[in-house]
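Report on the following structure.
Being a predicted model, the structure only gives us computed values, none of them experimental.
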Amino acid sequence: MIQVIKIGGNVIDNPSALDAFLSRFAELPAPKVLVHGGGKLATRLSAQLGIETQMIDGRRVTDRPTLDVVTMVYAGLINKQIVARLNALGCTAIGLSGADGNLIPAHRRPAEPIDYGFVGDIEPSEVNASLLASLLSQGITPVVCPLTHDGQGSMLNTNADSVASAVAIAAARIEPSRLVLCFEKSGVLRDVDDDTTLIPDIDRAVYDQLLREGVIAKGMLPKLTGAFRAIDGGVNSVVIKHADNLLNDIGTVIRP
């Protein structure tokens, strides 16, 4: 089984937490793919450069200056630090954006009803599964950052949870796949400030109810959207969990 693991949230921003996570990730048996975010670091660098960050429903509005920042941060700083660390741990890794090897073509999101700027939406069927298969067959672990491309020379910023979902669906065309979304919480919580309120299972009926109650909002919206899209696309299982729990079964399981 191919495991597609996504890491994001405060873990990326915390060197000791990231090191601990990567050590656990290196223990996972191959084949595996790592997808990472890095939005908090991009936000901090944008502020240092005097570039305002605008978020709508947990998604970043990406104008040209912001696109430059996220390209530097995601495909450069974060991606190469992770790749270097994994190779040091004995996990042969290669860093990729969606433009590399035409891995993830995307379509720039229409400007209506909301103009998100240089933001890409992915059709999972267009993800380059043959490239993934080639790398995985050689024992190489792809480390994918949340940047895609429009096929006309422009990079596009794409939500990392959406990238992970699309990559997992592409992996399912190679062999059975599993998607694990890791961040700094134990899973989907009824109270975001209380890890004891973990919701162990979510199906579509529960999801709709949680939406009505306002339990699911902001950054959790793209996570669960991507999770259900993965299930619909043929991924065997999806789990949302704390990065510390990568090697155990604690988390929220997404069910059809």
Side-chain angles (χ1 to χ4, degrees), residues 1-14 17-18 20-22 24-25 28 31-40 57-60 74 78-79 82 98 104 122 124 127 132 141-148 158-172 176-190 192 195 197-204 206-207 210-211 215-256:
M1 176 174 286
I2 300 172
Q3 297 196 76
V4 178
I5 313 297
K6 186 264 177 174
I7 184 63
N10 293 336
V11 178
I12 291 286
D13 207 34
N14 183 325
L18 180 59
F21 168 81
L22 293 176
R24 288 187 289 273
F25 178 83
L28 289 174
K32 58 191 174 184
V33 179
L34 181 61
V35 177
H36 67 81
K40 294 181 185 299
D57 291 333
R59 297 180 185 270
R60 186 181 303 268
Y74 298 164
I78 295 175
N79 189 267
I82 289 175
I104 312 175
I122 310 167
V127 175
L132 287 176
T141 295
V143 178
V144 183
C145 73
L147 292 169
T148 57
T158 301
N159 180 273
D161 295 306
S162 300
V163 170
S165 174
V167 169
I169 293 170
S177 70
R178 178 176 188 248
L179 174 61
V180 183
L181 303 172
C182 294
F183 67 143
E184 71 277 5
K185 300 292 184 180
S186 59
V188 182
L189 307 175
R190 285 196 173 274
V192 71
D195 268 2
T197 62
L198 175 70
I199 304 170
D201 298 271
I202 294 179
D203 59 19
R204 290 191 183 278
V206 172
Y207 173 67
L210 294 173
L211 273 178
V215 172
I216 295 172
K218 297 184 179 178
M220 190 54 70
L221 284 170
K223 272 188 175 52
L224 285 166
T225 300
F228 281 111
R229 190 178 192 188
I231 292 290
D232 291 342
V235 175
N236 280 31
S237 65
V238 180
V239 183
I240 301 174
K241 60 170 55 182
H242 197 292
D244 290 350
N245 295 323
L246 178 62
L247 301 179
N248 64 45
D249 295 327
I250 301 171
T252 299
V253 177
I254 307 304
R255 302 194 183 280

Could you state the interatomic distance from NZ (Lys32) to CD1 (Ile2), rounded to the nearest 0.5 Å?
13.0 Å
At what distance, to the nearest 0.5 angstrom, does NZ of Lys223 lie from CD1 of Ile216?
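Between atom NZ of Lys223 and atom CD1 of Ile216 there are 12.0 Å.
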Identify, with sequence neighbours excluded, every residue that meets salt bridge (charged side-chain N to carboxylate O under 4.0 Å, His left out) alongside [X].
X	answer
Asp195	none
Arg178	none
Asp232	Arg204

Contact summary for [X] and [Y], nearest pair of heavy atoms:
X	Y	result
Pro176	Asn236	CB-ND2, 3.8 Å
Gly39	Tyr74	CA-OH, 3.6 Å
Gly226	Ser165	O-OG, 2.8 Å
Ala227	Ile254	CB-CG1, 3.8 Å
Ala160	Gly37	CB-CA, 3.9 Å
Ile7	Ala243	CD1-CB, 3.8 Å

Residues 220-243 vs ring-ring contact (aromatic ring centres under 6.0 Å, His included), sequence neighbours excluded, gives Tyr207-Phe228
A side-chain contact here means heavy atoms from C-beta on lying under 4.5 Å apart; do [X] and [Y] qualify?
X	Y	answer
Phe25	Gln3	no
Ile12	Lys40	no
Ile199	Leu210	yes
Leu246	Cys182	yes

Mind checking what makes side-chain hydrogen bond (donor to acceptor under 3.5 Å, both in side chains) contact with Thr158, not counting sequence neighbours?
Thr148
Qualifying residues under side-chain hydrogen bond (donor to acceptor under 3.5 Å, both in side chains), relative to Arg24, sequence neighbours excluded:
Asp244
So the salt bridge (charged side-chain N to carboxylate O under 4.0 Å, His left out) pairs with at least one residue in residues 2-13 (sequence neighbours excluded) are Lys6-Asp161, Asp13-Arg44
Write out all pairs satisfying salt bridge (charged side-chain N to carboxylate O under 4.0 Å, His left out) with one or both partners inside residues 246-256, taking only residues at least two apart or from two chains.
Asp201-Arg255
Once side chain to side chain contact (heavy atoms under 4.5 Å, CB included) is applied, do any residues pair with [X], and if so which ones, sequence neighbours excluded?
X	value
Pro200	none
Ala166	Ile122, Pro124, Val127
Ala17	Val11, Asn14
Ile250	Leu198, Asn245, Asn248

Leu211 vs Leu224, side-chain contact (heavy atoms from CB on, under 4.5 Å): CA-CA, chis, key distance, verdict
CA-CA 11 Å; Leu211 273 178; Leu224 285 166; over 6 Å; no
If only atom types and distance count, is the side chain of Lys185 paired as donor or acceptor with the main-chain N or O of Val192 below 3.5 Å?
yes
Output yes when a side-chain donor or acceptor of Thr252 lies under 3.5 Å from a complementary backbone atom of Val188, and no otherwise.
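Yes; judged by distance alone, with no hydrogens or angles, the pair exists.
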Testing Leu18, Val163, Ile5, Ile82 one by one against His36 for a side chain to side chain contact (heavy atoms under 4.5 Å, CB included), which residue passes?
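Answer after filtering Leu18, Val163, Ile5, Ile82: Ile82.
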Mind running side-chain contact (heavy atoms from CB on, under 4.5 Å) on Ile104 and Val144 for me, showing each step along the way?
CA-CA 10 Å; Ile104 312 175; Val144 183; 4.1 Å; yes
